[in-house]
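First the proteins, then the strands, lettered A, B, ... as listed; each starts at 1. Just so it is clear, the values below take in all heavy atoms, side chains as well, and ignore hydrogens, waters and symmetry mates. As the structure is a computational prediction, the values presented were derived from the model and not from experiment.
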There are 2 protein chains.
Amino acid sequence: MSSPVVYRTIREQIVEQLRNEVLSGEIAEGESLREQKLAARFGVSRGPIRDALLQLTQEGLLSAEPNRGVRVCGGPSLAIQPLVVETRRRIERFALETIFDRITAEDQRSLDEVLARFKTACERGDMKEVVERDLALHRWIVERVGDADLTAMWLQVIVRMRLRYTRHKSLLDSYREHKRIVDAVRKRDRAAALAALEANIV
Amino acid sequence: MSSPVVYRTIREQIVEQLRNEVLSGEIAEGESLREQKLAARFGVSRGPIRDALLQLTQEGLLSAEPNRGVRVCGGPSLAIQPLVVETRRRIERFALETIFDRITAEDQRSLDEVLARFKTACERGDMKEVVERDLALHRWIVERVGDADLTAMWLQVIVRMRLRYTRHKSLLDSYREHKRIVDAVRKRDRAAALAALEANIV
DNA sequence: CGATTGTAAATTGTTGACAATCTACAATCG
DNA sequence: CGATTGTAGATTGTCAACAATTTACAATCG
C-alpha cells in the first residue's frame, strides 16, 4: 500500500495529472479542455488524451457533450451535500467495521505512514496536498475491505463532497482528528475509532 | 422524458447495446470482451469500441486491466448489499422529498406512462424489460431533481444492487408496489409516497 | 438593423496502421 | 521431466490522417 505508484499506460499518468489540476482548482471551473492542446502539452497523441478525459468525465470531474468537448464541472452540488456527507459516513463506517478485526501490524504501519504524510502536508499548508493526503487515509480504509464495488461507490461520493477545512482553527486540527482515528485503531478501540471517523466527516 | 432517444455518436449506441447485454446476462460474467471482435461485429473501428468499453468499465459493469482487455464483472458484491440498499433508499428518498412539491400535471403523466410500461413488462414476464422499466421509474424520480451529481451517485449505486424479484409471488406484485408510489404522489400524500418508495427498495 | 446564409478555422469522432505487450505453445536445457 | 527460452499470433495502446460537427465572423437579405 505504501509502494510507489507504477504507471502502466500514458492514460493513467494523464488522468492523475489532470485530476489533481482540477481538484486543486488549477484548472478553473467551467474551463474547456481541448484535446489537441492537451496532446501538444503532454507530447502524446489525442488517443490517450481522449481516454483520460472520458475517464475523468465518468468520475464526475468533467462534463462532456458530443462534438463540443469537455468542461470542468462546477464544483460539487451544494444542494446534496447533506446527503453526500451522510452517504460517505456510512460507507466509511461500514468499511472500518468490516476491516477492524483484521488490521495487521503492517496495516498499522501503513496507516501511520499515510498519517505522517498528511501531517507533513498540514504543516506545509499546501492545500492541494492536504486534500490529497486527507483523502488517502480514508481511501486506505475503504480499499482495505478489498471490495471493488465499495471502493467505486466511495469514489463517486468523494468527488461530490465539498471538504471544509474552514471549520478548523488550523490544518493541524484536521491532522489531530485523523490521528484520533489511527490511534483508536491501534488501541483496538472500535467504538472510539468509529466515533472519530464520523466526527471527521462533516 | 418520454421522447425518443436520439444518438449523437456511435459510442453511445454501443454503450447502450453492451450495457443491456451485460445486465441481461447475455454476455456471461467473467467473459472477455475483445475490441477487434466487437469492432467487426458492430462494423466500426476500434476507437468507439474502446470508448464504450472504457465507459462501461467506469460504470462498474466491466473490469479492465492494462494490455489485458476487459472482462464482465461478477455481479454486484454480495457483501455490501445492505449498504447498497440503504444508500439507494436514502438517495431516492432525498430525491422524492426534493421534488414532491413541484410535481406538475405533466410530471404525473410521465410517471403514469413509465408505470404503464412497467406493468406491460411485468405482464409479459420479460425479466430484462422488467428490470429496465423498474429502474426507469426510479431513475425518473432521481433525474427530476435536476442535479447531475445526484443522478451520477444514484447510477453508481444502482449498478451495484442485486434486485430481488423472488420476494414477490408474481411480478405484478412489484408493479403494485410501484403503483402505490405513483398513486401516493398523485394524491399528494408525501408520507405514503415515501413509505411506498422505501418499501419497494429491499 | 436584426435575421439569415455562407465560409473558414477549430475541434471532435472515427478510421486504419504501427508499436508494444500478452498469451500459448514448441524447443531446448539442466 | 520441470524450468526456461524463443517464436508466432492475438490483442491492446498509441499515432496520424480523414470525416463530421461546431464555432466565429463576414456578407447578404428583407
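Within the structure, a side-chain polar atom (N or O) of R8(B) is placed less than 4.0 Å from OP1 or OP2 of dT22(D). For dT12(D), one of the phosphate oxygens OP1 or OP2 lies less than 4.0 angstrom from a side-chain nitrogen or oxygen of R34(B). Of the side-chain N and O atoms in R50(B), one or more sit less than 4.0 angstrom from OP1 or OP2 of dG13(D). Distances shown here put a side-chain N or O of S45(B) below 4.0 Å from the OP1 or OP2 atom of dT15(C). Residue R68(B) has a polar side-chain atom (N or O) positioned under 4.0 Å from OP1 or OP2 of dT23(C). The phosphate of dA10(C) has neither OP1 nor OP2 within less than 4.0 Å of any side-chain N or O from K37(A).
One atom, CD of E65(B), and another, P of dT21(C), lie 15 Å apart when rounded to the nearest Å. One atom, CZ of R71(A), and another, C1' of dT12(C), lie 14 Å apart when rounded to the nearest Å. Atom-to-atom, CD of Q36(A) to C1' of dA9(C) comes out at 11 Å; the value is rounded to the nearest Å. At whole-Å resolution of the value, CZ in R11(B) and P in dT15(C) are 14 Å apart. The nearest whole Å value for the distance from the CD atom in E12(B) to the C1' atom in dT12(C) is 13 Å. E35(B) places its CD atom 15 Å from the C1' atom of dA17(C), with the value rounded to the nearest Å. Atom C1' of nucleotide dG13(C) and atom OH of Y7(B) are separated by 18 Å, given to the nearest angstrom. Rounded to whole Å, the distance from CD1 on I10(B) to P on dG16(C) is 11 Å.
Counting only Watson-Crick and G-U wobble pairs whose two distances sit under 3.5 Å, DNA chain D takes part in these stems of three or more pairs: C:1-30 with D:1-30.
For the pair R133(A) and Y175(A), the NZ or CZ position fails the cation-pi test of under 6.0 Å to the six-membered ring centre and within 45 degrees of the ring normal.
Nearest-nucleotide mapping onto DNA chain C: of D51(B) and R46(B), the residue sitting toward the 5' end is D51(B). Each of L33(B) and N67(A) was assigned the nucleotide of DNA chain D with the nearest heavy atom; the assignment lying further toward the 5' end belongs to L33(B). For the pair P66(B) and G43(B), nearest-nucleotide mapping onto DNA chain C gives the more 5' position to G43(B).
When each of R93(A), R88(A), R180(A) is tested with E198(A) by the rule salt bridge (Lys or Arg N to Asp or Glu O under 4.0 Å), just one qualifies, namely R93(A).
Taking every heavy atom of both residues into account, D173(A) and K169(A) meet most closely at OD2-N, 3.0 Å. Residues G125(B) and L171(B) share a closest heavy-atom pair of CA-CD1, 3.9 Å. The shortest non-hydrogen separation linking Q81(B) to R160(B) is NE2-O, 2.8 Å.
A distance of 3.5 Å separates CD in Q156(A) from CD in Q156(B), rounded to the nearest 0.5 Å.
Nearest to the side chain of P48(A), among dC22(C), dT15(C), dC15(D), sits dC15(D).
Panel note: side chain R89(A), backbone V84(A); no donor-acceptor pair is recorded below 3.5 Å.
Note on ring orientation: taking the six-membered ring where Trp is involved, the planes of H178(A) and H138(A) are perpendicular (angle over 60°, cut-offs 30° and 60°).
Residue G47(B) is in base contact, counting any heavy-atom pair closer than 4.0 Å across all strands shown.
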